[in-house]
Amino acid sequence: MTETLLRGRLLTFHRDPAGPDDAEAYTYLEDAGLLSRDGRIAASGAFADVAPQAPHAPVVDHRPHLMMAGFIDTHIHFPQVQVIASWGAQLLDWLNGYTFPEELRFADPDHCARMAQAFLDQLTVNGTTTAVAFCSVHAASAEALFAEATRRDMRMLGGKVMMDRNAPDGLRDTPQQGYDDSAALIARWHGRGRNGYVITPRFAITSTPDQLEMAGALAAAHPGCHIQTHLSENLAEIAYTAELYPEARDYLDIYERFGLLGPRTLLGHAIHLRPREIDALAATGAHPVFCPTSNLFLGSGLFDEGGLRARGITSGIATDVGAGTSYSMLQTLNEGYKVLQLQGQPLHPLRAFHWATRGNAEVLGLADRIGTLDPGTEADITVLNVRATEAMALRAERADTLAEELFILQMMGDDRAIAEVYVAGTPRKAAARGAARIRHPEPA
């Protein structure tokens with residue numbers, strides 16, 4: 001048995017706060033104990049109450065830092081780690097100019113393995129302990145990601161993209177190959193360790209009707225898998241999609257008619273939605289995913305979180321690296337605040353931190369396992385330092401409430417504000433940071 005007792009301030013959420021005064025939505029403790037045992041949280045509460053339950057456990061004192069559940073990123077592209085911060089005009093230009101040439105490199109299993117290590121290191125140093133990742137069209141990319149996540153005992157969801165048109169040679173499969181590769185990956189990885197497979201038709205532009213039919217067949221055969229794709233990110237994308245599927249009522253109808261909508265469906269972006277599409281999202285329980293840094297970077301538009309929430313639609317929030325410009329969920333919340341502020345939808349810091357933890361876990365249907373610090377859940381923990389930089393420390397001197405402290409982290413924080421990260425109870429940030437520093441490019 002392996003157990004560790006963490007001490008520090010603690011914040012965990014029980015539901016989405018209805019407002020700044022909704023104290024029943026969360027638990028905040030000034031001097032808390034968090035006992036992890038064999039990868040799970042065994043006890044959580046006041047330190048004086050928890051410590052006697054493990055008298056021989058080593059104590060790691062994180063005071064005055066704040067312990068929270070690890071962040072969850074619900075939309076990110078594993079093969080794009082080396083094209084983040086690449087200048088581009090609009091979505092389709094960016095895909096053709098940077099993304100597709102980069103993804104061709106993932107035909108090499110050795111490159112996949114190296115990038116999987118770097119990718120998970122970057123997530124870890126930014127406090128993210130679970131992600132939902134798009135891999136490349138190559139089965140080897142998903143194999144590498146799941147293998148590395150298993151080695152780290154890290155919860156990872158992902159899948160190889162299915163795309164059989166409008167992509168370069170070497171970056172297309174066929175409807176049958178996409179089905180067969182995905183089915184084999186599901187059999188090998190879904191439910192193994194902490195891995196979950198995500199059926200991943202990239203988006204309607206890169207999949208023929210035959211391939212989307214195969215994706216729907218996969219979803220019907222494996223109802224425990226999630227589904228991810230892209231929806232209504234960019235006006236030119238929407239127009240081109242309508243040309244390819246002239247019989248569809250709208251963009252979302254393409255996925256709907258192939259049986260790809262449901263509570264396990266994640267739809268990246270979902271910015272330019274028509275009323276019927278919003279009705280369909282509400283009826284099916286599918287989840288839009290807000291990607292603020294990439295939406296701003298590519299000039300795609302403003303996500304209407306408040307309008308969707310008013311219809312009972314629950315959205316995720318995500319980095320969308322590599323069009324997204326940071327692996328940090330803190331920076332994602334920062335830009336998300338600004339996007340919503342432009343629309344008169346203030347994002348209170350309590351709601352923001354719920355969204356990046358328990359909120360995203362609820363979107364994934366995994367709130368009983370991740371996203372909180374409740375006993376029995378997986379011991380994925382992020383420790384936050386509100387005084388991580390001189391500028392933050394100066395501002396923190398004038399912070400009198402928990403909400404003010406959280407807002408400093410939300411607006412000024414990045415990987416420097418992550419004091420430590422525990423993945424299944426094991427401290428990981430120092431190891432990931434060291435690996436990132438010594439990793440060298442492959443020889444020419």
Side-chain angles (χ1 to χ4, degrees), residues 68-86 98-99 102-103 105-106 110-136 141-142 144-158 194-195 268 289 291-294 297 316-335 356-357 360 370 380-385 388-389 409 413-424 426-442:
M68 292 183 61
F71 297 136
I72 300 166
D73 189 344
T74 50
H75 184 108
I76 188 168
H77 291 264
F78 159 48
Q80 295 179 19
V81 296
Q82 291 190 296
V83 293
I84 186 173
S86 295
Y98 294 105
T99 299
E102 183 66 18
E103 292 190 8
R105 302 175 68 205
F106 284 75
D110 291 337
H111 180 71
C112 294
R114 176 173 172 255
M115 288 299 106
Q117 293 176 34
F119 176 68
L120 295 184
D121 285 347
Q122 289 300 318
L123 293 179
T124 302
V125 300
N126 281 283
T128 297
T129 54
T130 294
V132 186
F134 286 69
C135 300
S136 75
S141 66
L145 181 63
F146 287 133
E148 184 62 21
T150 300
R151 188 181 71 80
R152 301 177 186 221
D153 199 14
M154 189 171 182
R155 181 165 287 283
M156 187 58 49
L157 292 84
R194 301 175 69 197
N195 296 308
V289 180
C291 303
T293 72
S294 69
F297 176 69
I317 187 166
T319 65
D320 192 29
V321 167
T325 54
S326 176
Y327 292 90
S328 171
M329 289 300 292
L330 296 175
Q331 284 299 296
T332 299
L333 296 176
N334 174 347
E335 299 302 322
T357 56
N360 272 347
I370 56 174
D380 294 339
I381 303 154
T382 290
V383 183
L384 296 160
N385 177 10
T389 69
L409 288 163
D414 54 26
D415 61 302
R416 294 169 294 179
I418 309 300
E420 184 54 275
V421 180
Y422 294 84
V423 174
T426 300
R428 293 290 189 187
K429 178 166 182 176
R433 177 71 76 191
R437 284 175 176 165
I438 64 171
R439 185 171 291 110
H440 300 292
E442 296 165 322

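Note that the structure is predicted; figures quoted are calculated from it, not measured.
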Do Met329 and Ile317 have side chains that get closer than 4.5 Å, going by heavy atoms?
yes
Would you please name every residue forming a side chain to side chain contact (heavy atoms under 4.5 Å, CB included) with Thr389, sequence neighbours left out?
Ala391, Met392, Arg416
List the residues meeting side-chain hydrogen bond (donor to acceptor under 3.5 Å, both in side chains) with Arg194, not counting sequence neighbours, and say none if there are none.
Glu378, Asp380
Under the rule for side-chain hydrogen bond (donor to acceptor under 3.5 Å, both in side chains), what residues qualify as partners of Ser141, not counting sequence neighbours?
Ser136
Derivation and outcome, side chain to side chain contact (heavy atoms under 4.5 Å, CB included), residues Phe71 and Asn360
CA-CA 9 Å; Phe71 297 136; Asn360 272 347; over 6 Å; no
Considering only distance and modelled atom types, tabulate donor-acceptor pairs under 3.5 Å from the side chains of residues 123-135, sequence neighbours left out.
from   : atom 1 : to     : atom 2 : distance (Å)
Thr124 : OG1    : Leu120 : O      : 2.8
Asn126 : ND2    : Gln122 : O      : 2.9

Testing the basics here: between Asn195 and Ala149, what is the closest heavy-atom pair and its distance to 0.1 Å?
OD1-CB, 3.8 Å
For Asn334, what residues pass the side chain to side chain contact (heavy atoms under 4.5 Å, CB included) criterion, not counting sequence neighbours?
Gln331, Lys338, Met411
Do the side chains of Met115 and Arg105 get nearer than 4.5 Å, heavy atoms only?
no
Report the residues that fulfil ring-ring contact (aromatic ring centres under 6.0 Å, His included) with Phe78, sequence neighbours left out, ordered by chain and then residue number.
Phe106, Phe119
On a heavy-atom basis, which atom in Gly322 and which in Gln80 lie closest, and how many Å separate them?
N-OE1, 2.9 Å
Please name the pair of heavy atoms, one in Thr319 and one in Tyr327, separated by the smallest distance, quoted to 0.1 Å.
CG2-O, 3.7 Å
Is it true that a side-chain atom of Glu420 and a backbone atom of Lys429 form a donor plus acceptor pair closer than 3.5 Å?
yes
With side chains defined as the heavy atoms from C-beta onward, is the minimum distance between Ile76 and Asp320 less than 4.5 Å?
no
What heavy-atom pair brings Ser326 and Thr332 nearest, and what distance separates the two atoms?
O-OG1, 4.4 Å
For Glu148, check salt bridge (charged side-chain N to carboxylate O under 4.0 Å, His left out) against everything at least two apart and list the hits.
Arg151, Arg152
Results of side-chain hydrogen bond (donor to acceptor under 3.5 Å, both in side chains) for Thr426 - residues two or more places apart only:
none
Apply side chain to side chain contact (heavy atoms under 4.5 Å, CB included) to residues Thr357 and Met68 and explain how you reach the verdict.
CA-CA 8 Å; Thr357 56; Met68 292 183 61; 4.1 Å; yes
Excluding sequence neighbours, so at least two apart, what forms side chain to side chain contact (heavy atoms under 4.5 Å, CB included) with Ala318?
Asp73, Thr74, His75, Val289, Cys291
Apply the test side chain to side chain contact (heavy atoms under 4.5 Å, CB included) to residues Ile370 and Ile72: give CA-CA distance (whole Å), side-chain angles for both, the deciding distance (0.1 Å), then the verdict.
CA-CA 9 Å; Ile370 56 174; Ile72 300 166; 3.7 Å; yes
Test side chain to side chain contact (heavy atoms under 4.5 Å, CB included) applied to Arg114 and Asp110, step by step:
CA-CA 6 Å; Arg114 176 173 172 255; Asp110 291 337; over 6 Å; no
Heavy-atom closest pair (Ser328 atom, Gly413 atom, distance to 0.1 Å) is OG-O, 4.4 Å
Non-hydrogen atoms of Gly70 and Thr382 that approach each other most closely
CA-OG1, 3.4 Å
Could you work out, with side-chain hydrogen bond (donor to acceptor under 3.5 Å, both in side chains) as the rule, every residue matching Tyr422, not counting sequence neighbours?
His62
